[in-house]
Structure formats: structure tokens, C-alpha cells
Number of protein chains: 2
Amino acid sequence: MAAGADSGSSGRARTSVWLEGRPAPKRRGERPTGLDRLDRDRIVAATVRLLDSEGLARFSMRRLAAELGVTAMSVYWYVDTKDDLLELALDAVTGEVELEEDPGADWRDQLRELAVSYRGLLVVHPWVSPLMGEYLNVGPHALAVTGVAQRVLRRSGLAPEQLPGALALIYQFTYGFATIEGRFARRCADAGISQDDFYRQVIGTIEDRPEFDETRDIRESRTGATVEELRTCDFAFALDCVIAGIESLRAPSRRV
Amino acid sequence: MAAGADSGSSGRARTSVWLEGRPAPKRRGERPTGLDRLDRDRIVAATVRLLDSEGLARFSMRRLAAELGVTAMSVYWYVDTKDDLLELALDAVTGEVELEEDPGADWRDQLRELAVSYRGLLVVHPWVSPLMGEYLNVGPHALAVTGVAQRVLRRSGLAPEQLPGALALIYQFTYGFATIEGRFARRCADAGISQDDFYRQVIGTIEDRPEFDETRDIRESRTGATVEELRTCDFAFALDCVIAGIESLRAPSRRV
DNA sequence: ACCTGAACACCGTTCAAGT
DNA sequence: ACCTGAACACCGTTCAAGT
């Protein structure tokens, strides 16, 4: 199976569930015999649960149906394709990002909090990251996140035409950073070793080789910390860089 | 098929071709009857060609074998799994990143050039991005790229313990940015519309909705440019932010 | 040493049929 | 309206067999 991606495996070239006709559940209203009935929400919830526990590669429509105690094809009554279902699951967990807006707070703190929360999402659900790259990511929750980020960033004093670039910087950096982080974690889990052990192992095979001499001072400046701690440090420093950069490039007239 | 990812589809939990025993081709030396023979390099080259032309989702071992005029299973003589093959293809194209090092040049220019070249790789080969997230990316060419980036960054005057965070910032931002870019391009190509048409279409469905009022000034500041131009602008501004941030956070003693 | 064929255990999805 | 069964056209990979 490996790293399949791309869309259009089934021939049709849809762009997004959210941009097509039917973002709402098919029929609702009278269903007195509910309870054990299928349901779009139940399907999406089960999808998220399966993706969390077994990963994207092991997820299949048949596996999902089994989990729901139903035949493989029943799911297709509620969802057009596997892609659409994954897109729904993606937006569902995107709702987990914390979005309390406090217009009185420092925009730097707010931006940091947002980035940290977003990173958390990608690390807790490692399957989110490949799907974000795969789909357009224009579901309601995704739009809410970018909306908040945009408003926070605006308070920094950047000019309107500077905002998209700055937003992309913070957003894509966090995405890329947490992607690697989540993948690495899952790799280690699959291989049955701790992240720290694996890190030490890699360092071990590298230390001898002369081409890595020039980075010895970096490695030595980081001994004694766990991989987790190191990453949190790196992430924080990168955010500091971004914020410092924004502060030095924003329109001088609006300097606070 | 959709967005498969994750490793270990076949059960074994390998971490990387490069970290296992056999990075070099199996046997070489006497092969007088070559020419139409299979060969690891030929296999990887054909893989890259197929991935470029048809995308990751449509790539399969059987499809590859057909392309090579050979039976499906012949490939397995040279390569252990599909994952390994994809990892080899990934590192092969990573070699396309331009890496002329000029210790005399301004580190800012060098960093920009490196990021632009790296972005180019991801946009030209949209299948690279999901694979980078998927694998550990520790092939020789990948290591060469990070090596150069690290040396350039070092000339900025950052302290050793600041380097990993700064490297992650530039690297992951570029990765994330180009990932979205490449995906969007391929989506449009698959749907048979130009990126500009699709952009206009999205804007069209958004303009009316009141929740997008607050970003109207941003959209108005960007009319008349192509999607391509806008993205190049955003990318450049983000890089400026990063560089400005590094300059303001580097150890004062080494200020140039 | 290198390549093939048949087979296994999977996929996503269609379609006609059941209730 | 909702669910099922059988079927189609695929997968990656194993394994015994050919040359």
C-alpha cells in the first residue's frame, strides 16, 4: 500500500466535499427507529477513532464497516467516496483546535497559543497531516482556524498585502514541523522503540562519520534533553523568529 | 485508494532504506549481457518518470513493471518493497536541488536561493511532498541539502543551540508552502481547469458570504495578479520575515 | 543470478436486489 | 429509505518454478 496520495483514484475529479452540492447530511427529521441506525456523524466518529488507533494506511472502507457492524457498502449510502469521508474526518478533528479569541491579549501570545494548539492537533492525530496536504482543507472548522489566525495577525500591524505571506509562514511552518514530528512518533511506535532510543541510535551511526563533524557542537549543546523537549524548544525558537520578523517588517506607522 | 500513507502496510516495521543494510545496488561487476537488463538505477528512473506523469496515486508496482516491459515481480529482485523504491525515488530527485556553496556570498541571499530551489523541487514533483512526510528522508541527497542549509545558517551568527529551530523554520515552512502549492496545481490539472479559474471560482462563492467581509481588503489588495505571482510574493515575504527574525534574535556578539 | 506465473489476501466501487 | 451480496478491476507481496 505504502504512501498513496493524490486524488482521482476513482476517475472523477472532484475538488472537495465542501465545494460540491451536499455538505449537509442527506435526510434528517423523522427517524424514530434510530439508535442503532447508521448516521453520517456516527460514521465520521468511527472513522476518526479507527484512524487514531490504526493509522491511515490500515484504514479501509471494509474495515470501517466491520467496526460499525455493518456491510461494507452500507457506508456508501451516507458518503460518496472514501475521499469524501476522509475530508469529513479531517474537518471534524480540526474542530479540536482551541480558538478562544481575546482581542485584549497580546497578539504575540495569541499567535503562539494558536500555533501550539495546531501543532498539538497534528501530533495527536498523525493521519491529519497527509490529509491536509491531500485535500483543499476548506471545511468549516478549517476556515474558522484560518479566520482566527488572520484576525490575530492583523493586530500585529502588518499591511493587508503582507498578511497572506505571514499567515502562510506561521501556518505552513507549523504544519511542516508537526508533520515530521507526528511521522517520527508513529515510526517509532510501529518499530516498537521509544523516540529517545531511536534518536540515540541515529546519533550513534552518525557520530563516527567525518562529514558530521561540523555539527558536533550542535549535538553537544543538546545532550541531556529528551527528543520531546528538544522539539518543543526548537518550535518555540522558530515561533520567536517569526514574531520578531513580523515586528521588524510591519508598516512603521502602526508600530505599537 | 485515496490518501494512503503510514508505513508498515506489509507488516514489517522498517524505518528507512538508508538505515538498513543494503543501500548499494545488489551486485555489480560482470554484466556483459547488459543493455536491456534491469538495473536499480533504471528502475528508479522509470519510477520517477511515472510518478511525474501520472502521480503517486496511480503508481503501482505492476504499472511500473509494465513500463519496464517486464513481469510484475522482476522488480522485487532489485528492491525489497514498494516503500523502499519510493524512498529511493525520493532521494534521487532531491539531488535536483541546486547547492552551489559560495562562502563569500551573503547568507541571506544563499538562504533565499536554497529555499526557492527547494520549493521548485516540490512544485515540479508534487509526489515528493507526501513522501517526505512519509519517510524519514535521510538519504544522501537529503543530507546534502540540510548540510548546506546548516552551513549557510551558521554564517548568520546564530548560536549553535538556535540553529536547529531556525533550520526547521525555513525548511518546514518551505515544505508546507510548496506542498499546498503542488497539491493545488495537481487538483486543478486533474479537474481540467486553470489555477486562476479555480481561484476566481472560489472567490466567487466566498464574496457574498458575510463572514468573509473582514478579509475583503486583503483580496482587493491582490487583484490583477495571477495565482502564481501572488504565491511567489507571499513566499518571498515569508522568507523576508524569517531572515529578519533571525537577524533580530542572533547572538549580539556575532552581529555583522 | 535473474525472471516468470500462479496464487493469497486484500482494496474501492458498481450494480442489481432485497426489505 | 436504507442495507446487502456478488462481482469487477485492481492492489502488494510470497513462493515455487523456470532458465
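First the proteins, then the strands, lettered A, B, ... as listed; each starts at 1.
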Answer yes when B/D197 and B/R200 have at least one side-chain N-carboxylate O distance shorter than 4.0 Å, and no when they do not.
yes
Atom-pair distance (OH on B/Y76; P on D/dA16), nearest Å
17 Å
Find the runs of at least 3 consecutive base pairs, i with j, i+1 with j-1 and so on, that include DNA chain C, using Watson-Crick or G-U wobble geometry with both distances under 3.5 Å.
C:4-8 with D:12-16, C:12-16 with D:4-8
Calculate the interatomic distance between B/M61 atom CE and D/dT14 atom P; express it in whole Å.
10 Å
Could you tell me whether the side chains of A/W127 and A/D52 share a donor-acceptor contact shorter than 3.5 Å?
yes
Looking at A/F198, is A/R187 sitting on its ring face, NZ or CZ under 6.0 Å from the six-membered ring centre and within 45 degrees of the normal?
no
If you only use heavy atoms from C-beta on, which nucleotide in C/dA7, D/dT4, C/dT13 is closest to the side chain of A/S74?
D/dT4
Could you check which of D/dG12, D/dA1, C/dT14 has an atom nearest any side-chain atom of A/M73?
C/dT14
Aromatic ring centroids of B/F173 and B/F235 under 6.0 Å?
yes
Given C/dT4, D/dA7, D/dG12, the nucleotide with the shortest approach to the side chain of A/R62:
D/dA7
Using the ring centroid of each side chain, check whether B/F177 and A/Y175 are separated by less than 6.0 Å.
no
Atom CG of B/L68 to atom P of C/dC2: distance rounded to whole Å?
16 Å
Which nucleotide in the list C/dC11, D/dT4, C/dC2 gets nearest to the side chain of B/W77?
C/dC2
In whole Å, what is the span from the NZ atom of B/K82 to the P atom of D/dT13?
8 Å
Closer than 4.0 Å, any side-chain N/O of A/S60 to the OP1 or OP2 of C/dC11?
yes
Rounded to whole Å, how long is the line connecting atom CG of B/L64 with atom C1' of D/dG12?
13 Å
Are the charged groups of B/R40 and B/D84 less than 4.0 angstrom apart, N to O?
no
Could you state the CZ-C1' distance from B/R42 to C/dC2, rounded to the nearest angstrom?
14 Å
What's the separation between atom CZ in B/R222 and atom CD1 in B/I203, rounded to the nearest 0.5 Å?
9.0 Å
Round to a whole Å and report the spacing from CZ of B/R63 to P of D/dA9.
18 Å
Looking at B/Y78, I'd like to know whether one of its side-chain N or O atoms comes within less than 4.0 Å of OP1 or OP2 on C/dC2.
no
